[in-house]
Structure formats: structure tokens, C-alpha cells
Q: 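Got a structure here, written out as C-alpha cells. Questions coming.
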Protein chains: 2
Amino acid sequence: MAQPRRVSMADVARLAGVSSQTVSRVSNGSPGVVDTTREQVLAAMRELGYRPNSAARALKRGAFRTIGVILFSLASTGNSRTLEAIATHAAHEGYAITLIPVAVPTQDSVLGAFTRLGELAVDGIIVIMEVHLLDAATVTLPPNVQVVVADSDAGDLYSVVDTDQADGTRQAVSHLLDLGHETVWHVTGPEESFASNRRALAWRQTLEAAGRTVPPQLPGDWSAESGYRAGLRLADEPSCTAVFAANDQMALGILRALHERGKSVPDDVSVVGFDDIPEANSFIPPLTTVHQDFAEVGRRCVQGVLRQIERAEHETGTTLVPTRLVVRASTAPPRAR
Amino acid sequence: MAQPRRVSMADVARLAGVSSQTVSRVSNGSPGVVDTTREQVLAAMRELGYRPNSAARALKRGAFRTIGVILFSLASTGNSRTLEAIATHAAHEGYAITLIPVAVPTQDSVLGAFTRLGELAVDGIIVIMEVHLLDAATVTLPPNVQVVVADSDAGDLYSVVDTDQADGTRQAVSHLLDLGHETVWHVTGPEESFASNRRALAWRQTLEAAGRTVPPQLPGDWSAESGYRAGLRLADEPSCTAVFAANDQMALGILRALHERGKSVPDDVSVVGFDDIPEANSFIPPLTTVHQDFAEVGRRCVQGVLRQIERAEHETGTTLVPTRLVVRASTAPPRAR
DNA sequence: CGCGCCGATGTTTACGTAAACATCCAGCAA
DNA sequence: TTGCTGGATGTTTACGTAAACATCGGCGCG
């Protein structure tokens with residue numbers, strides 16, 4: 001069934017009785033082809049089922065119209081939603097997306113991904129990753145490939161797009177303080193994560209700026225399970241009336257732990273998350289959380305990398321995408337003593 | 001900063017003092033190059049930072065070593081996890097993944113995606129989608145491109161890989177019946193979804209096979225919100241002691257609705273979900289659900305499409321990936337009357 | 001009426017790679 | 001020694017496209 005050879009411009013040219021260059025012009029919508037000729041060529045294309053060979057095109061043009069995306073995992077909502085936005089916007093600009101998954105986030109495997117990308121047909125790269133793994137000293141970027149990094153603070157080396165972690169955190173913590181809570185406890189994401197560190201730092205700073213005592217932070221790893229473990233410990237802290245979880249999954253685990261220990265949310269303890277995953281609205285109770293605009297992050301990543309490709313010029317600096325607090329039913333003033 | 005031209009084999013050949021063909025042999029690991037020569041070439045490659053040009057390679061070989069993935073949305077856990085598995089396995093086989101997002105799942109836009117893919121540099125396509133949109137009469141596949149479809153029943157037209165929806169559903173419903181429930185209610189996914197229809201059908205058949213009455217099914221759309229609405233209606237059904245939700249998100253919504261109406265899970269009502277998303281373990285209470293092996297689905301998709309590419313031969317038929325019921329705390333025997 | 005210009009189309013060439021074929025040389029058997 | 005064999009390496013060519021340049025013919029203007 002499979003034809004041994006693809007239809008090439010030469011075939012179309014022969015059938016249409018023109019030169020292959022004219023076919024090329026029609027194919028690219030170049031001017032300088034008279035309507036009648038164009039029609040003949042288009043008819044011949046249709047008849048033969050002609051499709052441009054993108055490899056030859058890329059070879060000739062020296063550009064692939066493709067962006068590579070390196071990411072560590074698609075498991076997190078944030079990563080997949082960002083990727084989706086990237087894919088959509090790239091498609092809109094006529095760029096294709098090539099995916100390079102990195103199984104294990106070690107320096108070596110990230111390096112490997114970069115190497116592979118260098119061999120792949122891409123004009124630019126978007127890295128979605130906790131990026132202290134990206135050591136500029138060891139990673140040699142393929143020449144002529146531009147990079148944008150999401151979810152990182154490598155703004156001095158690369159062009160970075162990120163959610164405004166600090167402001168989102170400030171909104172969350174301030175919201176709890178404004179409700180009248182003495183202080184706010186915090187369950188962190190994994191140590192290696194920049195987003196996690198940034199949120200923890202902003203939490204601490206917001207408390208300090210308000211002159212509150214800073215309780216010890218509880219370690220988590222983004223998973224609901226780790227939130228559950230932290231929640232069990234918080235349930236044993238009588239002084240704890242408000243918790244800020246570094247993401248919604250951990251908040252879910254905290255809700256479960258508090259529920260199992262007979263603590264009411266929000267009457268005994270208020271809980272705030274981060275991300276605003278679609279399910280947050282259906283937690284018990286519906287979760288107050290910081291909404292991240294993943295679509296916007298993706299959009300700006302594409303914008304950034306395309307701008308660099310166009311100008312053939314590396315950029316650095318950080319773009320922050322604003323967040324907003326979504327208040328639902330998991331927060332309330334502390335129970336009167 | 002950007003070099004005007006890439007390093008080509010000719011440059012390496014010149015520096016190493018050999019012909020470009022020898023460089024090509026080294027680059028591809030072909031035999032017939034003596035060790036000393038190979039070393040020289042490798043050294044020259046390193047010095048110049050040589051990277052093979054994949055466009056030229058693809059042009060010469062007539063194959064791209066790339067698989068296109070068409071998907072409607074990455075928002076669902078299932079899709080992203082499947083995609084991740086696809087990317088990982090494809091990378092392992094030396095294939096790259098090109099992503100083609102379809103913004104709106106209409107016939108037209110799917111067609112558009114196929115057209116775009118035809119122009120893109122892919123050897124095969126994996127479609128992750130509710131696929132009655134794929135009408136064989138209107139979609140003309142680019143020649144020489146092989147297709148595998150996930151999440152569909154188009155097994156007579158394409159090679160299909162899917163979770164064993166029917167058996168998973170049977171396990172879920174039987175589990176509830178075995179616990180002693182008279183019958184099982186069902187909250188469905190969206191009408192247009194094959195997975196949803198398959199689950200609803202299997203639910204009905206399992207009940208009928210056990211000689212139970214089949215309650216009316218409640219419509220949902222995969223979202224937790226729709227589960228919540230269905231849950232509110234179920235809370236008003238005194239006869240309802242067991243619910244099978246077509247996915248975990250809707251189960252979450254049901255749990256919340258029942259909780260708000262003062263119904264205890266599992267004492268008053270047992271709830272089972274489908275998917276086993278990571279958070280299911282942290283629902284209140286932890287959710288009994290049907291575990292889907294998305295990684296395996298992805299793996300088999302890649303296998304299937306690579307086999308077709310290799311043999312240059314279209315295949316049809318369906319491969320089912322088994323599921324298993326994960327029993328947690330949301331199911332129990334009905335309360336004694 | 002002829003010159004030159006311009007728009008439409010054709011011809012040549014190069015992009016970087018790798019298959020096919022050609023060449024060269026060392027080693028070995030007659 | 002000669003001729004042959006086979007492994008190592010070089011040369012030619014083609015993949016499909018599009019830029020650059022070439023050609024052709026008609027039309028306006030002096």
C-alpha cells in the first residue's frame with residue numbers, strides 16, 4: 001500500500017507543465033505567479049496528493065520551525081498545563097513542538113537531553129524544570145539554539161518566565177493574617193525545587209514583615225501523601241490555626257489528616273494551597289488557594305523563545321506572571337478563644 | 001555570538017584530514033573505520049563542536065525518526081501520563097516526539113491536525129482522543145505515515161491501544177455487589193467519550209448479569225464539579241448505597257456532595273472511582289478505584305506504531321491493557337437495615 | 001519604431017548527508 | 001614475483017527544496 005516514493009515538486013511540475021521553481025513559489029505563496037498558472041499547479045498538487053517535504057525544506061532554509069521542550073515530568077498539573085499552552089501557541093505561530101522527556105533529574109541526564117536536542121531539529125528550547133541542575137559551566141548549548149527556562153531563577157544566564165511565586169505567597173499569608181490568625185504554618189515542597197524555596201522564603205518574609213513569630217516549616221514533596229504526614233503533625237499543634245501549603249495536592253493531604261484527627265476546617269484550622277488545580281473547588285471544604293496562570297506562562301515562554309530565534313540573540317532576565325488568590329471555604333477567622 | 005553557519009561533515013573531514021564519507025561512517029558507527037582514524041575524526045568533531053544536521057539526515061534517509069502525537073487536551077491526568085510514557089519509550093527507541101495539540105475537538109480541527117502532520121516530519125502518528133471524530137471517509141491519511149489510536153474503539157480501521165475499560169468497570173461494580181449492595185448507581189463521563197460509553201455499558205451489563213435492577217445513570221463530564229452536582233442528587237436517593245463514578249475527579253465531587261449532605265462514606269454510601277490518580281489516596285476517605293496503567297498504554301502505542309513503521313504496513317485491531325481494583329476506605333458493606 | 005524595463009517563468013546551484021561505487025594497498029597463495 | 005582478495009578510505013551522486021540568477025516577452029515612452 002505504501003508508495004515507494006513520495007511525490008516531489010518535480011512530479012507536480014511535470015504534471016502541471018511548469019518548472020519546479022514555479023511549484024515552489026506556489027507552495028510558499030510567493031508572489032510572481034499568475035493566477036492561471038497557480039491554479040494549474042494547485043490542481044496538479046491535489047491530483048498527486050503532494051505534501052512538501054519538511055526535511056528538505058529545513059535543510060534548505062537552515063531552520064526547522066520547531067521548538068524543543070525539555071521537561072522532567074508531566075505528572076504535575078502545572079507542567080502539563082504549561083506544556084499545553086506552549087504547544088498551542090507554538091502551533092499558532094507555525095512552530096512544531098518536540099518533546100524531550102528527562103527520566104531522572106540528574107545533572108547527567110539533563111545534559112544528555114541537551115545533547116540530544118542539539119542533534120535534533122530545533123531552533124529553540126524551552127526548559128521546564130527546577131534548574132539548579134542546569135549548571136552553565138557544564139552545559140554547552142548547541143550554537144544557534146535559543147533557550148527559555150520556566151520554573152527557575154536562572155535569570156542571569158537565561159531568559160526565565162515564572163509565576164510570581166513571592167507575590168502569590170504574600171497574598172496567601174496576608175489573607176490568613178488579615179483574618180486574624182496569629183501566625184501561619186507552612187508545609188514546603190521538595191528541597192531541590194526553586195518554586196518550593198521561593199514560596200518558603202516569601203512565607204517567612206511576609207510573617208517577619210508583619211512582626212509575627214515564624215513557626216518551624218514542615219517538609220513535603222508536593223505529594224498529597226506528604227501533606228497528609230505534615231497534617232498529622234499539625235493536628236497535634238494546638239497553637240496552629242492556619243496553614244499555607246506549597247501546593248494544592250499537599251493541602252488535600254492536610255485536609256484529610258485534620259479531618260481524621262477531628263479538627264474542623266476552617267473552624268479549627270484554616271488551610272490555603274497554591275496552584276488552583278481544577279479539583280481544588282471540590283475539596284472538603286473547597287480550598288482557598290493561589291491561582292497560577294499556567295497558560296500565560298506557556299504563552300510567554302513561546303514568545304520569548306521566538307523573539308530570540310528571530311533576532312538570533314540570546315536574552316537573559318526574568319518575566320513574572322501574576323497570580324491571584326481565590327478565596328473559598330477552607331479559610332476563616334480563628335475560633336474565638 | 002551565533003555562528004553564521006553550522007559545522008558540517010566537510011569541516012570535520014578537512015580538520016581530520018579524511019573524506020566526509022569517513023566522517024559519516026564514524027558519525028553513524030558504521031564498521032570499516034580503523035580505530036586510529038576514528039579517533040582523529042572524533043577529536044575533530046569535538047574540537048569543532050560538530051552536530052549532525054538532522055534535516056539533511058532525514059532528507060537522505062527518507063525517514064525522520066519522529067512520531068507525531070495528536071491530542072485534544074493535556075488537562076486530564078490520563079492523557080498527560082500516557083503522553084509521558086510515549087515520550088519516554090520513543091526516546092528510548094531513538095525517536096523524537098512532535099506534539100500536535102488540537103484546540104477544539106471538532107471534525108474540522110482534527111482534520112486540520114492531520115493535514116498539518118502530513119506536512120510535518122513524522123513517520124508515524126499516535127492519536128490520543130475520543131475518536132468518533134475520526135471519520136475514515138473524510139480523513140485522508142498522508143501516505144507512508146502509520147497510525148495508532150489510544151482511547152477509542154476504531155479498531156477496525158486503526159491499530160488501537162486502550163485500557164480494558166469493560167473489565168475495570170466489572171471489577172468495580174462486582175466489588176460493590178460482593179460487599180452486599182443491592183445495586184450500584186453510576187455517574188457517567190461526557191456523552192461523546194468512548195471511554196465513558198464503554199464504562200457505562202459495562203456497568204449496565206454487570207448489573208444485568210447479576211440480575212439487579214439498573215438505576216438511571218447520572219450525567220457527568222469528567223469534572224469534579226459535575227460529580228458534585230450528581231452527588232447532590234444521589235444524596236437525595238435514600239435507596240442509593242453504592243456509586244460507581246466514571247473517573248476519580250467526579251468521585252471527589254460526589255464525596256464532597258455526600259459530606260455536605262451529612263451522608264457518611266462508606267457507612268451510608270460506598271463510592272468507587274476510575275483512574276487511580278495519585279491524589280485518590282488522600283481523598284476523604286481514601287478512594288477505592290480502578291487503577292489504569294497509563295504507562296503501559298503509552299508503551300504499547302509506541303511499540304505498535306514503530307512496528308508499523310518498520311514493516312511499512314498498516315495494522316488494525318485492539319490491544320487491551322489490564323486494570324486492577326485498588327480497594328481503599330470509600331467502600332464497605334451497606335449499613336444493616 | 002526601437003529601447004529598456006518589468007513581471008512571469010525557467011535554470012542552476014547549494015544545503016548536509018549517506019548510499020553506491022571506485023580506488024588503493026597490504027597480505028597471501030600459487 | 002604476480003595476481004588476487006578484502007578491508008579501509010575516497011569520489012560521485014541524489015535526496016527535495018528554494019535562493020540567485022537567467023531568460024523571455026510585452027508594454028510604455030521617447
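Fair warning: this is a prediction, and the values are worked out from it, not measured in the lab. Here is how names work: the chains are called A, B, and so on, in the same order as the sequence lines, proteins then strands, and each is numbered from 1.
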Q: A/Q308: which residues meet the side chain to side chain contact (heavy atoms under 4.5 Å, CB included) condition with it, sequence neighbours left out?
A: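 Side chain to side chain contact (heavy atoms under 4.5 Å, CB included) list for A/Q308, sorted by chain: A/Q146, A/V148, A/S159, A/H314, A/E315.
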Q: Given side-chain contact (heavy atoms from CB on, under 4.5 Å), test A/V297 with A/T163 step by step and report yes or no.
A: CA-CA 7 Å; A/V297 172; A/T163 290; 3.8 Å; yes
Q: Using 4.0 Å as the upper bound for N to carboxylate O, is an ion pair formed by A/E310 and A/R307?
A: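 The answer is no: the pair does not qualify as a salt bridge.
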Q: If you compare every side-chain N and O of B/S20 against the phosphate oxygens of C/dA18 (OP1, OP2), does one of them come in below 4.0 Å?
A: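 For C/dA18, OP1/OP2 do not have a side-chain N/O of B/S20 under 4.0 Å.
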Q: Of all the choices, D/dT17, C/dG10, C/dA18, which nucleotide is nearest to the side chain of A/K60 once you look at every atom?
A: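 Nearest to the side-chain atoms of A/K60, counting from C-beta on, is D/dT17.
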Q: Out of C/dG10, C/dA19, D/dT17, which has the shortest distance to the side chain of B/Q21?
A: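 Nearest to the side-chain atoms of B/Q21, counting from C-beta on, is C/dA19.
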Q: Choosing from C/dT17, D/dT9, C/dG10, which nucleotide comes nearest the side chain of B/Y50?
A: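 Looking only at heavy atoms from C-beta outward on B/Y50, the closest nucleotide is C/dT17.
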Q: Using whole Å, report how far CZ of B/R61 lies from C1' of D/dA14.
A: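 Roughly 16 Å, once rounded to whole Å.
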Q: Test B/S20 against B/R25 for side-chain hydrogen bond (donor to acceptor under 3.5 Å, both in side chains), laying out the working first.
A: CA-CA 9 Å; B/S20 64; B/R25 281 191 265 258; over 6 Å; no
Q: If I take atom CZ in residue B/F64 and atom P in nucleotide C/dG16, what distance separates them, rounded to the nearest angstrom?
A: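 The answer, rounded to whole Å, is 18 Å.
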Q: Reckon A/N53 has a side-chain N or O less than 4.0 Å from the OP1 or OP2 of D/dC15?
A: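 Answer no for this pair, as no side-chain N or O of A/N53 is under 4.0 Å from OP1 or OP2.
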Q: Between A/R61 and A/S54, is there a side-chain donor-acceptor contact under 3.5 Å, judged purely by atom types and distance?
A: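 Absent: no donor and acceptor within the cut-off.
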Q: Select base, sugar-phosphate, or nothing to describe what A/S24 touches, counting heavy atoms under 4.0 Å on all strands.
A: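 Base contact - A/S24 has a heavy atom under 4.0 Å of at least one base atom.
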Q: Taking CZ from A/R14 and C1' from D/dG16, how many angstroms apart are they, rounded to a whole number?
A: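 After rounding, the gap between these two atoms is 13 Å.
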Q: Give the rounded distance in Å between these two atoms: CE of B/M9 and P of D/dT9.
A: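 Rounded to the whole Å, the gap is 15 Å.
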Q: Answer with base, sugar-phosphate or nothing: what part of the nucleic acid does B/S30 contact at a heavy-atom distance below 4.0 Å?
A: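 Touches nothing.
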Q: Indicate, yes or no, whether a donor-acceptor pair under 3.5 Å links the base of D/dG16 to the side chain of A/R51.
A: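 For A/R51, whose side chain was compared with the base of D/dG16, there is no donor-acceptor pair (under 3.5 Å).
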Q: Could you walk me through whether A/L83 and B/L74 pass the side-chain contact (heavy atoms from CB on, under 4.5 Å) check?
A: CA-CA 8 Å; A/L83 175 61; B/L74 273 169; 3.8 Å; yes
Q: Which of these nucleotides, C/dT11, D/dT17, C/dT17, is closest to any side-chain atom of B/S8?
A: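 Per side-chain heavy atoms of B/S8, the pick is C/dT17.
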Q: The helix from C/dC1-D/dG30 to C/dA30-D/dT1: angle between its terminal axes, five pairs each, to 10°?
A: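 One end axis against the other gives 60°.
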Q: Taking 4.0 Å as the cut-off, does a side-chain nitrogen or oxygen of A/R57 come that near to OP1 or OP2 on D/dG16?
A: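 So the side chain of A/R57 is outside the cut-off, no N or O lying under 4.0 Å from OP1 or OP2 of D/dG16.
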Q: If you find the nucleotide of DNA chain D closest to A/R25 and the one closest to B/T22, which residue's nucleotide is nearer the 5' end?
A: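 Nearer the 5' end of the strand: B/T22.
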Q: Counting any heavy atom closer than 4.0 Å, what does A/S27 reach on the DNA or RNA strands: base, sugar-phosphate only, or nothing?
A: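 Nothing, no nucleic acid heavy atom in range.
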Q: Can you measure B/D35 atom CG to D/dA8 atom C1' for me and round it to whole angstrom units?
A: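 These atoms are roughly 12 Å apart.
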Q: Between B/V26 and B/V12, does the side-chain contact (heavy atoms from CB on, under 4.5 Å) criterion hold? Intermediate values first, please.
A: CA-CA 11 Å; B/V26 172; B/V12 175; over 6 Å; no
Q: Output the single nucleotide from D/dT17, D/dA18, D/dG16 whose closest atom is nearest the side chain of A/L59.
A: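 Per side-chain heavy atoms of A/L59, the pick is D/dG16.
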Q: Please find the pair of heavy atoms, one from A/D123 and one from A/R65, that lie closest to each other, and give the distance.
A: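 Shortest heavy-atom separation between A/D123 and A/R65 comes out as OD2-N, 2.6 Å.
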Q: For B/V23, report the nucleic acid contact type (base, sugar-phosphate, nothing); a contact means any heavy atom under 4.0 Å.
A: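 Touches nothing.
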Q: Which comes earlier along DNA chain D counting from the 5' end, the contact point of B/G17 or that of B/A56, where each point is its nearest nucleotide?
A: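 Its nearest nucleotide lies further toward 5', so the answer is B/G17.
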